[in-house]
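Quick notes on the structure that follows.
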Amino acid sequence: MANDIWYSIKGNRIKSALVEGFEYDTDGRLTLDESAHEHHIFFRSLDGVIEGSEWGRISARMTISEEMVCYTYLLATDRTEVRTDEHGLISIDDMLCAPDISAYDKINFMMDHGAKKLINSEDAVLYDLNGKYLYIAIEMMGYGGASIEHLRVSAAGDNFMDTFPQVYQERNSFLHRYLSVFSSIYNDISEQNEHLYEMLDLNTCSPELLEMYGSWFGIDLKGGFLEEDVLRQIVKEAYQLNKLKGTRKGIERVLTIILGEEPVILENRMQGGGVFDITILVNRKLTEELRHQLTFMVDQFKPLRTKLRILQMEREAVMDGNSYLDMNAAIPGDKQMVLDEQALYDGVFTLS
């Protein structure tokens with residue numbers, strides 16, 4: 001079986017192209033600039049390596065409004081230069097990417113030389129195109145928003161057609177086009193299988209998959225309430241954490257992952273608690289989000305009868321006039337304050 005050779009249109013190819021009326025990022029996502037009057041993209045050629053290269057398929061993900069039309073022009077040829085009245089002999093790449101030549105003249109040139117024209121097509125076969133170099137142009141007309149991403153072109157081979165005897169391998173025949181539907185599906189599934197390892201890699205898979213992997217170990221991570229780095233670390237240690245369920249070490253490790261530092265856990269009767277109560281001291285601002293994260297996760301790892309109490313530790317203490325200083329007590333330094341004309345203060349304040 002022959003395998004397709006795929007050319008991906010991403011940031012570097014877009015950067016070298018002539019882009020008018022679009023914004024783009026390094027991943028190759030093109031977004032229509034609705035404030036611009038013209039929307040054209042002229043890419044530099046894709047090299048098929050050998051003369052008369054056979055091109056297979058173009059695919060992309062498009063999101064366009066109902067009032068917008070996307071035209072894609074594809075020209076395959078072995079030529080690299082063209083003669084124009086104004087510029088003389090010039091490479092086709094330079095001519096298509098020249099800002100001083102109108103888009104209308106460039107598109108007419110491509111159509112006059114046998115370019116294939118697609119309308120709002122996200123997936124199309126290119127079996128009728130032959131040539132070492134493939135030139136691509138995109139034109140959008142109309143009103144509304146639009147975006148294009150994952151633009152790719154394949155060359156050479158057809159997985160299904162190449163298995164037939166030579167007499168049936170007529171390129172661009174009805175049989176070829178018919179089998180291309182199944183060949184395209186087969187190629188898409190094969191490509192997904194090739195990247196299957198990325199779905200199983202805890203460093204690269206999506207947060208949604210991490211939540212599912214956590215459920216395999218009996219850890220509830222649904223709801224998106226954990227930061228992504230915390231979520232990944234919990235899943236990576238899920239096996240060990242399960243072995244520590246119901247122990248102090250298990251609670252300590254979960255809290256360390258969430259807080260980024262070792263927690264302070266007290267097993268006592270603080271604030272009138274019972275013998276099964278534990279108190280967690282958090283050395284940071286205890287927001288509602290953080291409290292929810294700690295409570296939800298510790299509830300899955302604490303002993304069954306344990307009641308949880310979370311307290312926030314302040315860096316500085318505030319004492320009234322009846323305070324008693326014992327050993328290891330610390331008094332913070334003086335604080336300066338400014339009162340405006342309408343400020344009120346009572347006997348708690350001392351002005352120096």
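The aromatic rings of His292 and Phe225 lie perpendicular to each other, with more than 60° between the two planes, well past the 30° mark. Classified by interplanar angle (parallel below 30°, tilted 30° to 60°, perpendicular above 60°), the ring pair Tyr135/Tyr133 is tilted.
Of the residues Gln240, Glu237, Glu262, the one that meets the side chain to side chain donor-acceptor pair (under 3.5 Å) test with Arg253 is Glu237. Each of Thr72, Ile14, Ile58, Ile41 was checked for a side chain to side chain contact (heavy atoms under 4.5 Å, CB included) with Leu151, and the lone residue meeting it is Ile58.
Side-chain rings of Trp216 and Tyr239 stay apart, their centers remaining 6.0 Å or farther from each other.
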Run the side-chain hydrogen bond (donor to acceptor under 3.5 Å, both in side chains) check on Glu54 and Tyr127 step by step: do they pass? CA-CA 7 Å; Glu54 298 175 340; Tyr127 297 147; over 6 Å; no
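Salt-bridge formation is detected for the pair Arg44/Asp94: a Lys NZ or Arg NE/NH1/NH2 atom is positioned less than 4.0 Å from an Asp or Glu carboxylate oxygen. Salt bridge annotation for Lys10-Asp27: absent, with no cationic side-chain nitrogen under 4.0 angstrom from a carboxylate oxygen.
The number of heavy atoms from other shown groups lying within 6.0 Å of CZ (Arg61) does not exceed 12. No more than 12 heavy atoms of other residues, nucleotides or ligands lie within 6.0 Å of CD in Glu227, so this atom counts as exposed by the packing criterion. Within 6.0 Å of atom CG in Asp105, more than 12 heavy atoms from other residues, nucleotides or ligands are found, so the atom counts as buried in its surroundings.
Judged by a 6.0 Å distance limit and a 45° cone about the ring axis, Lys106 is positioned over the six-membered ring of Phe42. Remark: Lys245 qualifies as a cation-pi partner of Phe301 under the 6.0 Å distance and 45° angle criteria applied to the six-membered ring.
With hydrogens and angles left out, the side-chain atoms of Thr279 and Arg309 include a donor and acceptor closer than 3.5 Å. Counted by atom type alone, Ser45 and Asp93 present one or more donor-acceptor pairs between their side chains at under 3.5 Å.
The hydrophobic clustering, which links ILVMFWY residues whose side-chain heavy atoms are closer than 4.5 Å, places Leu75 and Ile101 together.
Put simply, the side chain of Ser53 never gets that close to the backbone of Lys132: no donor and acceptor are under 3.5 Å apart.
Residues passing the side-chain hydrogen bond (donor to acceptor under 3.5 Å, both in side chains) test with Asp47, sequence neighbours excluded: none.
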